[in-house]
Amino acid sequence: MTAPGREKKVRLQPRVTVRPEAVWAAGRYAVLAALCALCYSNSLRGELVHDDVWAIINNPDVRPGSSLRNIFSNDFWGKRMADNTSHKSYRPLCILTFLNILLGGMTPLYFHVVNVCLHCAVTCLLMHTCERCVFEDSRLAFITALLFAVHPVHTEASVGVCVSEDSLPSTVSGRSLFASLLLGTCAMLVKETGITVFGVCALYDALVLCRKPLISHLSGSRLRDILYICSPFIKRACIIFCYVVIIMSVRLWLMGGSMPLFSEQDNPASFSPHLLTVLTYSYLLSFNAWLLLAPIVLCYDWQGSIPLVEALGDVRNVATVLLAVVMVALCLHCIFSLQKQESREVLVGMLFLVFPFIPASNLFFRVGFVVAERVLYMPMGYCILVAHGLGRLCSVVGRWGTTVLSVSMLLLLLLFSWKTVQQNHVWLSREALFSGIQTLPHNAKVHYNFANFLKDSGRHQEAIHHYTTALLYPRHASAMNNLGTLTRSPEEAERYYRKALDTNPQHNRALFNLGNLLSQGKEKEAEALLKDSIRFGPHFADAYSSLASLYAEQKRFPEANEVYLKGIENCPDSSDLHNNYGVFLVDTELAAAHYQQAVRLKPAHYVAMVNLGRLLRSSNENKEAESWYKALQVTRKVDILTPLGALYYNTGRYEEALQVYREAAALQPESTDIWLALAQVLAMAGRTKEAEKMTLDIISREGSCIECYRLLSAIYSKRGNFTEALDALDRALQQNPSDLTVRAELYFSKGNQLREMNQLDRAFEQSYKLAVELKPDQSQAWMNMGGIQHIKGDYAAARMYYQRALLLSPGSKLLKENLAKLDRLERRLTGGA
């Protein structure tokens, strides 16, 4: 209701109009995102392969609970930047993109989803940049982004989980300059090539933004006026230059003042002594250009596939000359365009094409590869130049020609899309990636990596074939080293390890393997080799463990302890090192702490869990040990079930022990030890018939099972069948065990059986006497010998044997009682005399 005489005011909503240009722009971005997602959708089910294994799976910085501080002080692979073995690749922002593990763990799907989203974002950013700063026709910006989105050469960067980002060129405003510096720094912290964005921004500022006001004031202007006009640019250029110097100085400080070390195998051209090797660098430029123009043959690693160009007559120099002609023509076009104030598209295309590739060109510093398709992700200038050329052609060929060119461009996009989808299949798994030797059959690195995969898969003969093939090409120290690990002959293995060290004397794994091989018999040389392995690979945890074990075997315990502590200091994330140090510390509380640390670092470290359970069991902490074993039991591993069975056996819980051992036997039916343990439990549980049958079955399969005969003897003795028990021990002795302790124990057991049969002389001469000859510290045998002499009335001999036993077991009450009996007998006899 409204008051009388008052009119109701009606508020009208403003009419919302949607501009067709906005709809068209949103549609273009949607098409780009959809095309990126469609082309790379089949990559989402791929594994983490190649560099992803080291950058993510084996990287201590890419783990839940890892310190953010380490991400900003370590390199891309998790090593300290100042370390001599560091790759010096400082990419903390890239590592931060891997922290989706906090939500999805190490599931590869989430990494690939993030990667495809980043590729979509970069593609859309490229179109936005081209619309704002390059093309006047937004359709050409759209074509540029389309070509970039589907280009097959981007597969490695988009499917492998490493991607770089670009920033927008700067404008003349201070705010935009600050934003450009910030984004350029971010790009550098994602990948090193990001630093080139500062050069792109500065030249774009000089040649595009400052060009028009400068040219318009040149006629009739004095030098002072020109400097006044250029002063804002000069200030911006100085700011950019100083900023780049500062961040490069910080980067050099983080690197410890040293550059990364690469081998001749990584980049043969940079190690070549020939002056004409510069022709190889020139040819590699044309080779990369060809990959952009016609990405027909692609490979994750071109190492060894491109022979050096060392002669002027090499036909490949023609490709270099052609590229030089094209680049000179484009530069001349840029100069004339600047003079005529024409289109800036070629200039920007050249900037984006040349500058981002400079870090990979070997012009200023050595790089660790020959050709790497991933470095072609940033040169977007190729796509800009293609779109510019298409636009110029369409403007001169007429309607029908434009139609033909449009159809051709569509076919090119479809062809590139098809190639991208096919290339995604190559990156789905290690096997698919490394088995692509048909593409480059003369590539030693491809053969080597495929051999590594075959070795890890247990296909050793195939692995040997591909390692050998890798050796047909430039000397490959790692292939020689791995061949040594696969050969069964120690002499042949030593030969391969030494060949690897002849090729690369600092190959820490070859040093480690040869040191391990020589640790029995050539301890001095083994010690020197293991020390060198640590020196050239200070973060190689296995070398510390081997050197410490060598010292421990030589009873050099303080040195072994020092090596373990140094190893833990340099490799704090090595779960194996903590476990091995726990073994070295034996049954101490400190050992338990290191077992627990090993489990914290690697929750699936079953060996450390078993060792911790055994330690708790030996400390009579049976409940805690049982809880560990039960927690491990879900894995259904034999090495977890058997100690749990032993715990139940030692605590008298025979039925539970039987259940666990039966499960272990089902998992590993060929294991004699498990069946023997099961038979022992049956015997202790009073089920001697089942135990006897099982033991005889083991003996039928393995007649040399000494422990089986001992168990069989115990079963017969328990039944009172002493003759059969004695026969079983004789059969065990017939196996002639090499271990003197085992033989001594068998003679001792035989003496006990003879004593039960009242054959005291045989027990003394044929059993106990032989036992103490083999093992003089067997106090029980000495005591039994004294007992036999005591019974026979030779009290002097009895006293001698009792006293010998008492020296070995000074706390034995039984020995003291027997000696007291002898004293009373002797006093009685003396008093009677």
Side-chain angles (χ1 to χ4, degrees), residues 609-732 735 737 742 745-746 748-757 780:
M609 294 181 187
V610 170
N611 287 339
L612 181 57
R614 285 175 176 157
L615 177 58
L616 292 170
R617 193 184 72 198
S618 65
S619 304
N620 292 322
E621 299 179 42
N622 294 316
K623 288 186 178 180
E624 290 80 0
E626 184 179 354
S627 64
W628 272 100
Y629 288 134
K630 282 188 173 179
L632 286 166
Q633 198 175 356
V634 295
T635 61
R636 294 295 187 267
K637 286 182 174 288
V638 170
D639 56 355
I640 293 166
L641 292 170
T642 49
L644 179 59
L647 184 145
Y648 288 145
Y649 174 81
N650 292 333
T651 53
R653 298 157 66 178
Y654 300 127
E655 290 302 321
E656 292 170 276
L658 287 172
Q659 182 181 351
V660 172
Y661 276 128
R662 283 193 174 113
E663 185 177 355
L667 290 172
Q668 199 170 311
E670 72 282 357
S671 173
T672 299
D673 291 337
I674 295 175
W675 288 108
L676 182 59
L678 186 54
Q680 288 174 334
V681 178
L682 287 170
M684 289 300 295
R687 297 156 67 171
T688 55
K689 289 187 177 180
E690 291 179 66
E692 179 187 3
K693 183 180 178 181
M694 190 172 291
T695 308
L696 291 171
D697 185 57
I698 298 170
I699 291 172
S700 68
R701 297 195 307 269
E702 187 179 340
S704 61
C705 178
I706 294 173
E707 290 301 318
C708 295
Y709 290 116
R710 292 175 70 171
L711 175 59
L712 203 58
S713 174
I715 292 171
Y716 291 145
S717 181
K718 193 172 183 179
R719 293 182 189 166
N721 299 335
F722 300 122
T723 302
E724 295 179 30
L726 187 63
D727 181 61
L729 291 172
D730 284 334
R731 290 171 66 186
Q735 307 305 317
V742 172
E745 289 174 352
L746 287 172
F748 176 74
S749 298
K750 183 179 177 181
N752 289 342
Q753 293 298 330
L754 289 168
R755 196 175 51 148
E756 291 290 338
M757 298 167 68
Q780 190 68 35

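Basis for what follows: all heavy atoms, side chains included, without hydrogens, waters or symmetry-related copies.
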How many angstroms lie between NZ in Lys750 and CG in Leu746, if you round to the nearest 0.5 Å? 10.0 Å
Can you tell me how far CG of Leu658 sits from CG of Leu682, rounded to the nearest 0.5 angstrom? 5.0 Å
When you look at NZ of Lys693, are more than 12 heavy atoms from neighbouring residues, nucleotides or ligands closer to it than 6.0 Å? no
Heavy-atom distance under 4.5 Å between the side chains of Leu678 and Ile674, does that happen here? no
Point-to-point distance, once rounded to the nearest 0.5 Å, from NZ of Lys689 to CD1 of Ile715: 13.0 Å
Output the distance between atom OH (Tyr654) and atom OH (Tyr661), rounded to the nearest 0.5 Å. 12.0 Å
What is the distance from atom OG of Ser717 to atom CG of Leu712, rounded to the nearest 0.5 Å? 11.5 Å
Flag the pair Met757 / Thr723 as yes when at least one side-chain heavy-atom distance between them is below 4.5 Å, and no otherwise. yes
Look at Arg719 together with Glu724 and state whether they make a salt bridge at an N to O cut-off of under 4.0 Å. no
side-chain contact (heavy atoms from CB on, under 4.5 Å) evaluation trace for Arg731 with Asp727: CA-CA 6 Å; Arg731 290 171 66 186; Asp727 181 61; 3.7 Å; yes
Taking atom OG1 of Thr672 and atom CD of Glu702, what is their separation to the nearest 0.5 Å? 4.0 Å
What's the shortest heavy-atom distance between Thr688 and Ala683, and which atoms? CG2-O, 4.4 Å
Do the charged groups of Glu707 and Arg710 touch, with an N to O distance under 4.0 Å? yes
Beyond-backbone contact of Ile698 with Leu711, side-chain heavy atoms, under 4.5 angstrom: no
Identify the heavy atoms of Ala679 and Ala691 that sit nearest to each other, and give their distance. O-CB, 3.5 Å
Shortest non-hydrogen contact between Gln753 and Ser713, atoms and distance: NE2-OG, 4.2 Å
Answer yes when Arg701 and Asp697 have at least one side-chain N-carboxylate O distance shorter than 4.0 Å, and no when they do not. yes
Give the minimum heavy-atom separation between Ala728 and Tyr709, together with the two atoms involved. O-CB, 3.5 Å
